[in-house]
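Below is one structure, written out as structure tokens, with a few remarks after it.
Below, chain A is the first sequence line, B the second, and so on; all start at residue 1. Every value quoted in this text rests on a predicted model; they were computed, and no experiment measured them.
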Number of protein chains: 2
Amino acid sequence: MNNEPSVFIVDDEEPIRSALALLMESVGLKSESFSSAQEYLDQFDATKPGCLILDVRMPGLSGLDLQGRLGAEKIHPPIIIITGHGDVPMAVRAVTAGAVDFIEKPFNNQSMLDNVHRAIEQDAKQRGESSRLQDVEQRYDDLTPREKEVLQCVIDGKRNKIIASEMNISQSTVEAHRSKVMEKMKANTLSDLMRMSLLLKLIQ
Amino acid sequence: MNNEPSVFIVDDEEPIRSALALLMESVGLKSESFSSAQEYLDQFDATKPGCLILDVRMPGLSGLDLQGRLGAEKIHPPIIIITGHGDVPMAVRAVTAGAVDFIEKPFNNQSMLDNVHRAIEQDAKQRGESSRLQDVEQRYDDLTPREKEVLQCVIDGKRNKIIASEMNISQSTVEAHRSKVMEKMKANTLSDLMRMSLLLKLIQ
DNA sequence: GGAAAAATTAGAAGATGTAATAATTTATAT
DNA sequence: ATATAAATTATTACATCTTCTAATTTTTCC
């Protein structure tokens, strides 16, 4: 597997693409260029780390459209938007939709690199969090329906006795489910279990 | 106590202030107007619910300056920024600093009202969360240093025996501290305690 | 210096949770 | 229909946590 982050450059103007590619190369960053949003989407692979430099105005899918599509993905590279003729509402929309930056052309090379580095760091961070989450989600999915019920009761702080009477089963059964839950979730302590339940948003 | 939310209007131009005040009155919203950022700051009261409509360009403290000051407060009303001559970088800066919106004059009355209502809702929500948090913080502050240490160990999932040996005290002492912690924090169960510790960011 | 708060310890009784083992009854799916 | 997984129960022994009572030592503050 290749862990090295890439800068994905999506712009319909060739000179911009090569200028950005060159800029990235100059600091040892790998880059991949695409001349349209669709072309990027076609090869999109959620597992590839990096960040995205995206032009707003392009034939076909616009940059903001692409941003919208990516927003539906579980994880995607942080997006830096560049534009030749941006207006304020467009910038506000892009940033509130989660873009890490919105930069007007012509941009300053150094500040672009700063932004790229920050975005790549952010990507690495959220990618780490996401992989932990997926681990835990996998374990949770392995629980049987009954075990999930018991888990919910446990994180609500209910005693085994209470759980048993609420579920109309014996305390022994609750204990059996509970120990299965701990085993399957790989939790050593109740607080482990609570921390995982947090990630899974079973709490609050 | 007065729970009714206010729209705080901060703009150096009188006509804008009265237009906005009138607009708010037309939908039954209370408003308070200020002709400068300093004037608003002088009367600022974190306990007053509502939202803030803020002009960027003003003599003295600018809108963005005021936004920065408020950002240092524990809680403040959501900020809607309005501007006559905004540029993209300014908008990006304001939104990434947490402004809920950045609107250019002249604005559409209806969309302004929509934004105001959304902001007031958001304020009510974060105000509720913040008051729960303050409750819990108050209780936490009442813990003695030793009790705080024990609490940290407990939420790390350590057993009393382990805590005792790590702190070089007897298990009885740990039990004593622990029960004091539960009592002072008003936690009935371990999961109550974990939930509160989350709010306090003692976890992760 | 002395009052008040905090930290410390112990012991005992009872509640609660855990682990290991074993067995029966229900689903579920091929 | 029949393996397989899930759900159910019980028992025993042990570990752990909780509560209560009572007391001593140490700090802290006025």
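Side-chain polar atoms of A:E39 and A:S35 form a donor-acceptor pair below 3.5 angstrom. B:S179 and B:E183 share no side-chain donor-acceptor pair at under 3.5 Å.
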Using a cut-off of under 3.5 Å, enumerate the N/O to N/O pairs linking the protein to nucleotides 2-8 of chain D.
from, atom 1, to, atom 2, distance (Å)
D:dA7, OP1, A:R146, N, 3.3
D:dA7, OP2, A:T144, OG1, 2.1
D:dT8, OP1, A:R146, NE, 3.0
D:dT8, OP1, A:R146, NH2, 2.8
D:dT8, OP2, A:R146, NE, 2.9
D:dT8, OP2, A:H177, NE2, 2.8

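Expressed to the nearest 0.5 Å, how far CD1 of A:I79 lies from CZ of A:F102 amounts to 12.5 Å.
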Summary of protein contacts for nucleotides 22-30 of chain D, nucleotide by nucleotide, where a base hit scores B, a sugar-phosphate-only hit scores S (4.0 Å, heavy atoms): ---------

Reading nucleotides 12-25 of chain C 5' to 3', which nucleotides get B (base under 4.0 Å from a protein heavy atom), which S (sugar-phosphate only), which -? ----SSB-------

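Residues A:D192 and A:R195 are paired through a salt bridge, judged by an N-O separation under 4.0 Å between the basic side chain and the carboxylate. Ion pairing between a basic and an acidic side chain is recognised when a charged N comes within 4.0 Å of a carboxylate O; A:E32 and A:R17 show no such pairing. With salt bridges taken as basic N to acidic carboxylate O contacts below 4.0 Å, none links B:D141 and B:K184. Under a 4.0 Å N-O distance rule, the pair A:R146/A:E149 qualifies as a salt bridge. Salt-bridge check for A:R178 with A:E175: failed, with every basic side-chain N at 4.0 Å or more from each acidic carboxylate O. Between A:K148 and A:D142, no side-chain nitrogen of the basic residue sits less than 4.0 Å from a carboxylate oxygen of the acidic one, so the salt-bridge criterion is not met.
Rounded to a whole Å, the NZ atom of B:K180 is 13 Å from the P atom of D:dT19.
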